[in-house]
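Notes follow once the structure below has been shown.
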Amino acid sequence: QVQLGESGGGLVQAGGSLRLSCAASGRTFSMYAMGWFRQAPGKEREFVAGISGSGRNTEYADSVKGRFTISRDNAKNAMYLQMNSLKPEDTAVYYCATYSLGNSWSSRAIAYWGQGTQVTVSS
C-alpha cells in the first residue's frame, strides 16, 4: 500500500507563490504517474497537473498552464507543485495522487490519494 502526505498549503495573497510537497511511504511508486488535483467548495474535484513515472512527461490543466510547474524526485519518493501568480480562483483543497496503470489523467484513474492540503488565495 502507498500512503501519501501533502504539505505546503496555506494562505497567500493574489499574485503570490506556494510550493506544495507530496511525500510517499510504503511501496515505491517511481514506476507510476502522479498528479495534483484540487477541489473547491461545491465543485467537483479537478485535474491540475500530472507527471509521468520518469518525470519526462508532464500535463497541465489549461487554467494553470504557464503558472504551475509539477516535478518529482523519485529518489526521495516525492512530488512537488510550484504555484506562481496565484489567483483567488486557485483556492481549493489540493490533493496529491498516484495513478494506476493507464493513459488517462482523469481522477477516475487514480489509485491512491493524499489527505489534501488547503490553499487559500486572497484578493
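Heavy atoms only: backbone and side chains are in, while hydrogens, waters and symmetry mates are out. Predicted model, so just to flag it, every value in this text is computed and none were measured.
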Which pair of heavy atoms, one from [X] and one from [Y], lies closest together, and at what distance?
{"X": "Ala49", "Y": "Leu81", "answer": "CB-CD1, 4.2 Å"}
{"X": "Gly8", "Y": "Leu18", "answer": "O-CD2, 3.8 Å"}
{"X": "Ala40", "Y": "Ala92", "answer": "N-CB, 3.8 Å"}
{"X": "Met79", "Y": "Gly35", "answer": "CE-O, 3.3 Å"}
{"X": "Val119", "Y": "Gly9", "answer": "CG2-CA, 4.2 Å"}

Rounded to the nearest 0.5 Å, how far apart are [atom1] of [X] and [atom2] of [Y]?
{"X": "Tyr112", "Y": "Leu4", "atom1": "OH", "atom2": "CG", "result": "9.5 Å"}
{"X": "Ser107", "Y": "Arg45", "atom1": "OG", "atom2": "CZ", "result": "7.5 Å"}
{"X": "Ser17", "Y": "Gln82", "atom1": "OG", "atom2": "CD", "result": "5.5 Å"}
{"X": "Ser123", "Y": "Gln13", "atom1": "OG", "atom2": "CD", "result": "9.5 Å"}

Pairs of donor and acceptor atoms involving the side chains of residues 58-66, under 3.5 Å and at least two apart or interchain, shall be tabulated with distances.
from  : atom 1 : to    : atom 2 : distance (Å)
Tyr60 : OH     : Ile70 : N      : 2.9
Asp62 : OD1    : Lys65 : NZ     : 3.4
Ser63 : OG     : Arg38 : NH2    : 3.4

With distance as the sole test, does [X] use its side chain to make a donor-acceptor pair with the main-chain N or O of [Y] at under 3.5 Å?
{"X": "Asp90", "Y": "Val121", "answer": "no"}
{"X": "Ser21", "Y": "Ser7", "answer": "no"}
{"X": "Thr91", "Y": "Thr120", "answer": "no"}

Within 6.0 angstrom of Glu46 CD, more than 12 heavy atoms from elsewhere
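Result for CD/Glu46: enclosed.
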Would you check, one step at a time, whether the test side-chain contact (heavy atoms from CB on, under 4.5 Å) holds for Tyr94 with Met83?
CA-CA 11 Å; Tyr94 283 70; Met83 304 185 293; 3.9 Å; yes
Please tell me if the side chains of Arg72 and Met34 come closer than 4.5 Å, counting only heavy atoms from C-beta onward.
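Yes, their side chains come closer than 4.5 Å.
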Min side-chain heavy-atom separation Phe68-Leu20 under 4.5 Å:
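Heavy-atom side-chain distance check fails, nothing below 4.5 Å.
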Please write out which residues are connected to Ile110 in a hydrophobic cluster, directly or through intermediates, given that two of Ile, Leu, Val, Met, Phe, Trp, Tyr count as joined at side-chain heavy-atom separations below 4.5 angstrom.
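Once heavy-atom contacts under 4.5 Å are chained together, Ile110 belongs with Phe37, Phe47, Val93, Tyr95, Tyr99, Trp105, Trp113.
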Is there a path of hydrophobic side-chain contacts, each under 4.5 Å between heavy atoms of I, L, V, M, F, W or Y residues, that connects Ile51 with Val2?
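Yes, because Ile51 and Val2 connect within a single hydrophobic cluster, where side-chain heavy atoms sit under 4.5 Å apart.
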Would you check if there is a donor-acceptor pair between the side chains of Glu6 and Gln115 at a distance under 3.5 Å?
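Glu6 and Gln115 do have a side-chain donor-acceptor pair below 3.5 Å.
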